[in-house]
Each structure stands twice: as C-alpha cells, then as structure tokens.
Amino acid sequence: MTALRVRGSVTGLRGELTVPGDKSISHRSIILGALAEGRTQISGFLDAADCRKTAQALVAMGVKIDNLGQDDMVVHGVGLRGLRDPGKPLDLGNSGTGMRLLMGVLAGQDFTTTLTGDESLRRRPMDRIAIPLGQMGIEVTGQGERCTPPVTVCGGQPEAITYHTPTASAQVKSAVLLAGLYAEGITTVIEPGPSRDHTERMLAACGAEITVDELQVSVIGSPKLRGAEIVVPGDISSAAFLLAAALLAPDSQVTVRNVLLNPTRTGLLDILQRMGGDVEVTDRRQVGSEERGDITARTSEPVATEVGGDEIPRMLDEVPILALVATQAKGQTVIRDAAELRVKESDRLATTAQVLQTFGGDVQERPDGLVITGPTRLHRATVNSYGDHRIAMTAVVAGLIAVGQSVVEDTVCIDTSFPGFADALAQLGSNISPDEAHND
Ligand code: S3P
C-alpha cells in the first residue's frame, strides 16, 4: 500500500502548470476512434490506469493503437462493424466509464462478451445500463439485483428506443447512444438534468447525425463515422484539487492552463465564485468540439453556500473537494441531490464525511448529501483513501492546510485520473513525500 506524508500549514502555493488530459474525453476519443473509419489522431490523452484499461479492451477486440499515451497517438479505426470477439473477459480495472460505455458498444456486436473489474468496480451497479439495453432487446446478465460485474453482454441487433434516464448520468446516456449507433432509426435519450455532453459533441465531430434539444438527445443509427483529430484539454476535475489548495492556503496564486471549460463540467467554478472565491478564467478558446481556457485561483476567505439540483451533475466528481473548501467557509454549506455519489468508486458521501471528520471538519452526512459547518481549523490526521482517487486527493489537500503532518494511505489510486498529482503540488511549493512506514 502506498502512502503519502503531507506537511501541513502550507503557505505560498504559487505557479502555473497544466494537468493531465480529461478522463471523460480520453475514454471517448479511443472508443469513437476505434468505431470510426480511418485514423484518429489524439493528443493530450490521459495516460492513466482507467483509460489504459479501455484502450486494452479495444486492442483485445482487434483495434490497433500506436504510441498509446503519447502526443502523436493514433487509433486505427475498424469501423462500426469491425470489432472482433476478444475471446476472453475484458478487465476494466477501476473504470466505471470504460465499462459502461463499452457495454453500449458491445450491444451491437455479433458476439457475447463478459466484462469485469477490480473490487470497487465489481460493487458498482450496471443495472442502469442493463435496463435500457434490455429495452433495446439486448440481453445483459450480471450479479445480484443491481447487476454488478462480471456482466455479460449478449450482442445483437439493438432496437431504437426513447429512453428516459431516471438520474442524470453521462455514462448511461452515452451507453444508450453508442448502442443506438447499431440500431435502425432514431435512438433518443431524455435526461432529468444536464449531464456532461462529450459523447454527443464527439459523435457529431466524427460525422454522426446527432440532434440535441435541451435535455433530449437523438442519434440516427448506422452512421459512417470518420476518424478525427482530437486534442484533449486538461481535466477540470483534476485541476479542481490544485485550485482548491490555492484558494485555501495563505498567500497563494495558482494558474492551471489549458483546462476543459465545457459548461456541463464547470459547476465547481460557479460555486467557488459564489462562495467569494477568487477564481478567474482567462483565454477562453474553442479547440475542436470543446472549449478550454486558463483558470487562476488566489487565496480567499470563502463563505458557505447551498448546492443542489442541476448544479450537481455539473460538478459531480468535485463534491469531495468542495466539501473540504466548505470546512473553511463561514457558515453552513448544504449539498443536496447528490445521492449518486454513493455509487462512485467509493460511497463518496460516507468517505468524504469520514475523512474530513478525521481532520476535525464538521461534516454531517445526509441521505442525499452533506452538511458542512465552517470554518474549522483542521488538525493532522492519518486517513485512508478507501481506494478512491478523488478521496485520496481531497485528503492530501486537507493535509496541506491542516496543522501538523498527516498521512494519506492507499494513494496508488490517484494514478486512476491524475498521475503526477503529488509532483504538481510539490512544484507549487508544498511538501509531500512517500511515507516509508506505510509503503510496501
Ligand atoms: C463520467 C460521468 C460521470 C462521472 C464519471 C465520468 C463520464 O458519471 O462521475 O467520473 O465520463 O461519462 P455519471 O454517469 O454519473 O454522469
């Protein structure tokens, strides 16, 4: 088990840097690149555990990928009907996105495939994908009531449907749209709230006929997808940790350049600004189908806020780090409508509360959210990440602002989304080192 020792009471975090590529866009770039005809050139791909698993799964189905993770990476598309039976189960590791999106793709194949994953992924519900695929006439079997992995997708000819998703989920929406590529006619997904829209944008860029009308998105089956050039922007969900650290540490100013600014992902920026956070976006620009820009955060004295409704899907993965900011904000911050967090890499409402309480934060768990009262002076702690990358990074930032030296155990999971996280913080002036006592 790898652990990090974090020196607290950090001040003067300063610098400009970039973060690794966006995880959601990286997954989609190789999946759509594989299904397109011709070459897809990808730069800025997130070369981390989750996306590598998706890449390996595609390679096992006959897709050739040159220079995986390098800036001149090329996916040689096999076309919609060109995937081959991998002849063995596909292991998606920790990646819920990889598994759910591939389930959509596998619905349209003329072979049957089993997908599995690590201990965390094997606890995550796949019924949210099995149900719509079932309505499309595709049989999916999994374990128990929630259809947890290993899951088996019995590919075939999906029927076009109109599906109302019960919760706003980009993974569900994307899986249905990907299955819809293999259907005859129009497949439509209607969401109760706005989830991230990278699949729609990228499908359109690859030549699919996609129509979007507020919360309704439709795709016409059997498109001819063509390879594209995809430049992956930095992941705003990773930048969030550095920006929060700058906001909370005295005498700090940090700029993260080239960060994704898709409005379905920028909820945290709006919330931090509403809390009085000094967060500024500059050099907004459109590259390909996505907007990006530079974000600067400076030391601030945040005040409490309320977060819920449609704002939650726009900052879903940022709830743990927002909760940490809220421990330093004056007043009571209420986060509601976030029950989805209970089925992430860990039960993030429980693990966020548990970790921040160990640091001395006043964080109460609610069935669908958190109530955080601040400001509280955090003290040193030894905490475990529960194998969840976003909890591990939240704990490291908590350790930086706490008084004393903290230890965060089980940090190898950070590589899931943000390889180089500790180095990035060190570059800004913090003191983080491997904790020998806890490392194997
Ligand atoms: C993702 C969607 C989100 C998010 C996850 C990545 C995606 O989950 O939490 O980290 O790439 O589609 P939902 O399916 O709940 O939107």
Side-chain angles (χ1 to χ4, degrees), residues 20-32 45-46 48-51 53-54 92-105 117 120-121 124-132 146 163 165-179 189 191-203 215 217 230 232-233 235-241 260 262-268 290 310-322 337-349 351-352 368 388-394 413-414 416-418:
D22 186 77
K23 182 155 76 72
S24 294
I25 296 178
S26 294
H27 276 296
R28 288 155 173 82
S29 69
I30 39 172
I31 293 175
L32 293 191
F45 182 80
L46 172 63
D50 269 21
C51 298
K53 285 291 186 188
T54 299
L92 274 307
N94 193 242
S95 181
T97 306
M99 181 169 288
R100 290 177 175 143
L101 268 53
L102 285 179
M103 286 173 77
V105 172
S120 151
L121 187 54
R124 297 181 67 184
M126 296 300 147
D127 52 349
R128 55 184 55 199
I129 309 293
I131 291 168
R146 302 294 316 263
Y163 187 62
T165 59
T167 43
S169 161
Q171 294 172 352
V172 175
K173 173 176 64 180
S174 301
V176 176
L177 293 175
L178 289 168
V189 180
E191 296 202 279
S195 71
R196 63 194 68 191
D197 63 357
H198 312 302
T199 303
E200 299 90 294
R201 286 171 186 255
M202 210 182 281
L203 273 172
L215 298 174
V217 46
I230 299 169
V232 183
D235 196 330
I236 189 167
S237 299
S238 298
F241 296 99
L260 173 72
N262 178 314
T264 62
R265 296 285 300 281
T266 49
L268 182 74
E290 297 281 359
D310 284 355
E311 215 161 35
I312 296 291
R314 296 183 56 235
M315 48 82 68
L316 199 57
D317 295 334
E318 287 70 75
V319 168
I321 192 67
L322 174 66
D337 306 321
E340 266 296 294
L341 267 77
R342 295 206 181 274
V343 289
K344 294 292 176 188
E345 284 83 329
S346 68
D347 174 347
R348 282 191 183 149
L349 295 180
T351 52
T352 300
D368 72 335
D388 183 333
H389 52 131
R390 308 226 189 260
I391 299 298
M393 290 187 274
T394 300
C413 55
I414 291 174
T416 298
S417 61
F418 196 166

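In listed order, ligands and their atoms are each counted from 1. Side chains are part of it too, since the values below use all heavy atoms of this structure and drop only hydrogens, waters and symmetry mates.
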Do ligand 1 and Ala168 have nitrogen or oxygen atoms that lie under 3.5 Å from each other?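 No, there is no polar N/O contact under 3.5 Å.
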
Indicate yes or no: does an N/O atom of Arg390 lie under 3.5 Å from an N/O atom of ligand 1?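 No, there is no polar N/O contact under 3.5 Å.
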
Protein residue, atom and distance nearest to [atom], heavy-atom basis:
| atom | value |
| --- | --- |
| atom 14 (O) of ligand 1 | Ser169 OG, 2.6 Å |
| atom 16 (O) of ligand 1 | Ala170 N, 2.9 Å |
| atom 2 (C) of ligand 1 | Arg196 NE, 3.6 Å |

Which of the ligand 1 atoms, numbered from 1, are nearer than 4.0 Å to a heavy atom of [X]:
| X | answer |
| --- | --- |
| Ser24 | 1 (C), 6 (C), 7 (C), 11 (O) |
| Asp317 | 4 (C), 5 (C), 9 (O), 10 (O) |
| Leu316 | 3 (C), 8 (O), 9 (O), 13 (P), 15 (O), 16 (O) |
| Gln171 | 1 (C), 2 (C), 5 (C), 6 (C), 7 (C), 8 (O), 12 (O), 14 (O) |
| Thr97 | 1 (C), 6 (C), 7 (C), 11 (O) |

Can you find a pair of side-chain heavy atoms, one from Asp347 and one from Leu341, that are under 4.5 Å apart?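 Answer no - side chains too far apart.
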
Ligand 1 versus Ser195, non-hydrogen atoms closer than 4.0 Å: side chain, backbone, both, neither?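 For Ser195, no heavy atom sits under 4.0 Å from ligand 1.
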
Arg100, portion touching ligand 1 at heavy-atom distance under 4.0 Å: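 Neither; nothing of Arg100 gets under 4.0 Å from ligand 1.
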
Please give me the minimum heavy-atom distance between Leu268 and Ala240, naming the atom from each residue.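 In this case the closest contact between Leu268 and Ala240 is CD2-CB, 3.6 Å.
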
Any idea which of Arg265, Lys344, Glu340 brings a heavy atom closest to atom 8 (O) of ligand 1?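 Of the listed residues, Lys344 has the closest heavy atom.
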
Can we say [X] and [Y] salt-bridge, meaning some charged N sits less than 4.0 Å from an Asp/Glu carboxylate O?
| X | Y | result |
| --- | --- | --- |
| Asp317 | Arg265 | no |
| Asp388 | Arg348 | yes |
| Arg124 | Glu345 | yes |

Supply the atom-to-atom distance Glu318 CD to Phe241 CZ, rounded to the nearest 0.5 angstrom.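 Going from CD on Glu318 over to CZ on Phe241, the span is 7.0 Å.
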
Inter-residue atom distance Thr97.OG1 - Arg28.CZ, 0.5 Å rounding: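 CZ of Arg28 is found 6.5 Å from OG1 of Thr97.
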
Determine whether Lys173 and Ser195 satisfy the following criterion, side-chain hydrogen bond (donor to acceptor under 3.5 Å, both in side chains), listing intermediate values before the conclusion. CA-CA 8 Å; Lys173 173 176 64 180; Ser195 71; 3.0 Å; yes

Within-shell test, Arg28 vs ligand 1, heavy atom, strictly < 4.0 Å: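 Yes; Arg28 lies near enough to ligand 1 that a heavy-atom distance drops under 4.0 Å.
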
Residue that, paired with Val232, satisfies side chain to side chain contact (heavy atoms under 4.5 Å, CB included) out of Asp22, Leu260, Leu46: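 In the set Asp22, Leu260, Leu46, the residue that makes a side chain to side chain contact (heavy atoms under 4.5 Å, CB included) with Val232 is Asp22.
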
